[in-house]
Amino acid sequence: MLCQICKKKEATITIAKVVGEQKTEFHLCKDCAAVFSDKISIFPLPQFNINDLLAGLLKAIDLYNKEEGIVPAKEIKCKNCGLTYEEFKQSGKLGCSVCYHDFRDQLTPLLRRLYGSSEHIGKIPRRARGKLNKIKKIKQLRKELREVVIKEEYEKAAKIRDEILKLEGVLKK
Amino acid sequence: MQNNRKETLLQNLKKSTAEWTSGQGSLSDIVISSRIRLARNMEGIPFPSRADKAELKNIFELSKQVVDKSSLFRDSNLLLLDELSSLENQFLVEKHLISIYHAREKHLYRGCVFNQKETLSIMINEEDHFRIQYLLSGLQLNKIWEFINQIDDEIGKKVTYAFSEKEGYLTSCPTNVGTGLRASVMLHLPALVMVNRVNDVLKAISKIGYVVRGFYGEGTEVMGNLFQVSNQITLGLSEEEIIDNLEKVNQQIISQEQKMRKNLLSESKSQLEDQVWRAYGILSNARIISSAETMKLLSKLRFGVELGIISYPGLGTINKLMLLIQPAYLQILSGKELSPYDRDLQRAILIRNKITYSRERMCI
């Protein structure tokens with residue numbers, strides 16, 4: 001039998017690790033065993049790897065989508081950076097902010113499974129704060145505009161229209 | 001000119017000690033330090049793993065402008081990590097200024113901003129464009145949030161962050177999306193380890209969304225009975241809630257540790273004293289010592305100080321020693337590369353000096 005670590009030399013040493021009632025055996029060569037025995041003397045952490053969890057969840061979501069007849073995610077590609085969904089599944093890393101938009105159908109269930117929620121309720125960056133407020137303001141002005149037009153107050157309407165155009169111009173920038 | 005600056009910065013880092021090693025702050029007998037980091041990206045530029053050279057440079061230059069112009073970064077400096085040797089990169093890892101991942105990453109324009117007290121460090125072009133971290137000694141998560149929130153706003157004046165109303169701050173890995181906030185607390189838990197309870201405690205907290213890591217973060221081993229407990233959930237909760245929950249979880253662990261310490265002191269005081277003084281004996285007399293053995297013994301010694309069995313060296317000295325004896329730090333201090341055997345020799349000398357010095361000071 002070959003050593004389980006280097007997979008080159010013959011395994012001559014068996015190390016048994018007993019945690020609670022669970023026993024795991026490792027078959028190693030002399031050199032790897034020396035390194036390994038050093039490592040296991042150090043306290044073992046509970047094995048939890050977020051990337052493994054992510055990969056598992058992604059597979060489950062793919063399977064679910066297939067059953068539901070949703071387009072296989074494989075063919076999806078980010079329009080901005082060109083990352084394919086398949087590449088994302090392998091690395092667990094997205095390529096750019098647009099990926100979140102282009103893979104949203106796949107990501108939303110993933111985020112819900114990871115976090116129990118897919119909605120951000122925390123801090124909003126200052127710049128976006130301004131933008132979000134402007135969008136709100138435009139909506140409100142449009143409503144006002146409709147009202148004044150009905151009342152035939154055209155002078156007021158022109159003022160509101162200018163304000164909307166100005167805000168939209170700022171947003172476009 | 002640039003090289004001179006780099007040399008000066010490294011020289012300063014060699015001599016400086018970080019605030020978080022001071023052994024001060026709330027509950028410093030169990031809590032070494034608290035940390036918060038925020039993951040941020042700039043809108044319109046691919047994340048570092050998919051950005052090209054010009055885009056990475058763009059992010060780096062922008063960081064330089066922010067550091068140069070804002071008064072919040074008055075005492076901060078920016079290092080271009082590409083210019084540093086792998087030993088120097090490793091040294092910054094051991095100082096907790098950058099992650100292991102950042103030190104080993106191959107792409108260009110990797111940077112690190114840090115302030116004089118080493119409470120702030122910003123990794124530029126790590127997994128995300130900006131990884132802002134703030135560290136303080138003891139349990140001080142709320143204070144850290146106050147500081148880091150300000151720094152985040154300051155950078156946000158210059159940088160339009162990648163943000164969506166729905167998913168929040170957008171990050172390279174979906175496991176950071178939302179707040180992009182990871183808070184962690186570094187705990188010294190020798191009593192829970194000694195009575196074999198630590199595994200139960202850590203298993204329990206991993207079931208409710210918390211992660212335990214080693215001294216140097218993700219993927220590193222536990223040494224010196226030091227455990228880093230951090231939140232896993234970054235989306236669907238506000239920053240304040242995440243911090244508050246983490247603090248509560250840590251208070252639970254701390255009270256368990258305190259209880260065990262009390263029990264141990266009342267039931268096996270002589271054995272404890274024996275272990276602490278033996279650790280002191282080896283540390284102050286060894287001629288050859290590995291970093292693994294040193295961390296084990298320093299933990300025992302720290303335990304002795306925490307329990308009042310021994311009054312020197314102080315917690316601050318022990319915290320600092322835990323960094324100074326690391327392989328790269330030791331070589332940087334010696335000014336040359338050392339073989340593992342030479343490091344074990346140098347390490348023993350360094351520890352003897354520090355410990356004898358602190359004893360002499362106590363006796364005056």
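Throughout, protein chains are lettered first and strands after them, A, B, ... in sequence-line order, and every chain is numbered starting at 1. In this text, all values refer to a predicted model and were calculated from it rather than measured experimentally.
Scanning both residues, A:Gly92 and B:Pro174, for their nearest heavy atoms gives O-CD, 3.3 Å. Scanning all heavy atoms of the two residues, the minimum distance from A:Tyr115 to B:Thr234 falls at OH-OG1, 3.0 Å. When all heavy atoms of B:Thr175 and A:Leu114 are compared, the closest pair comes out as CG2-CD1, 4.3 Å. Nearest heavy-atom pair, A:Ile121 versus B:Gly236, reported as atom, atom and distance to 0.1 Å: CD1-O, 3.5 Å. The minimum heavy-atom distance linking B:Tyr169 with A:Ile124 is given by the pair OH-C, 3.7 Å.
Heavy-atom pairs under 4.5 Å with chain A were tallied for B:Glu240, B:Glu43, B:Glu127; the largest tally goes to B:Glu127. The greatest number of non-hydrogen atom pairs below 4.5 Å with chain B, out of A:Gly82, A:Ser97, A:Cys99, A:Cys78, is found for A:Ser97. Most heavy-atom pairs under 4.5 Å with chain B: of the set A:Leu111, A:Leu83, A:Leu110, this distinction falls to A:Leu83. Interface summary for chain A: among B:Gly180, B:Pro48, B:Ser172, B:Gly156, the most heavy-atom pairs under 4.5 angstrom belong to B:Ser172. Annotation: maximal heavy-atom pairing with chain B below 4.5 Å, among A:Gly116, A:Ser118, A:Gly95, occurs at A:Gly95. Residue with the most contacts toward chain A among B:Asn225, B:Ile242, B:Thr179, B:Thr160: B:Thr160 (heavy-atom pairs, distance under 4.5 Å).
Of the two parts of B:Lys207, neither the backbone nor the side chain holds a non-hydrogen atom closer than 4.5 Å to a non-hydrogen atom of chain A. Using a 4.5 Å cut-off between heavy atoms, B:Leu237 contacts chain A through its backbone alone, with no side-chain atom that close. If you measure heavy-atom distances from B:Asn149 to chain A, the contacts under 4.5 Å come from both the backbone and the side chain. Both the backbone and the side chain of B:Val177 have a heavy atom closer than 4.5 Å to some heavy atom of chain A. Within the 4.5 angstrom heavy-atom criterion, only backbone atoms of B:Asn176 (N, CA, C, O) approach chain A. Within the 4.5 angstrom heavy-atom criterion, atoms from both the backbone and the side chain of B:Glu165 approach chain A.
Within the model, atoms OH of B:Tyr161 and CZ of A:Arg127 stand 9.5 Å from one another, a figure rounded to the nearest 0.5 Å.
Side chain of A:Arg126 to backbone of B:Lys157: no donor-acceptor contact under 3.5 angstrom is found. Without hydrogens or angle criteria, A:Glu119 side chain to B:Glu167 main chain gives no donor-acceptor distance under 3.5 Å. Judged by distance alone, the side chain of B:Arg50 and the main-chain N or O of A:Cys96 form no donor-acceptor pair under 3.5 Å.
A:Lys123 has a carboxylate O that lies under 4.0 Å from a charged side-chain N of B:Asp153, or vice versa, which qualifies the two as a salt bridge.
Enclosure of atom NZ in B:Lys166 by more than 12 non-hydrogen atoms of other residues, nucleotides or ligands within 6.0 angstrom is indicated.
Donor-acceptor pairing under 3.5 Å is lacking for the side chains of B:Ser164 and A:Tyr100.
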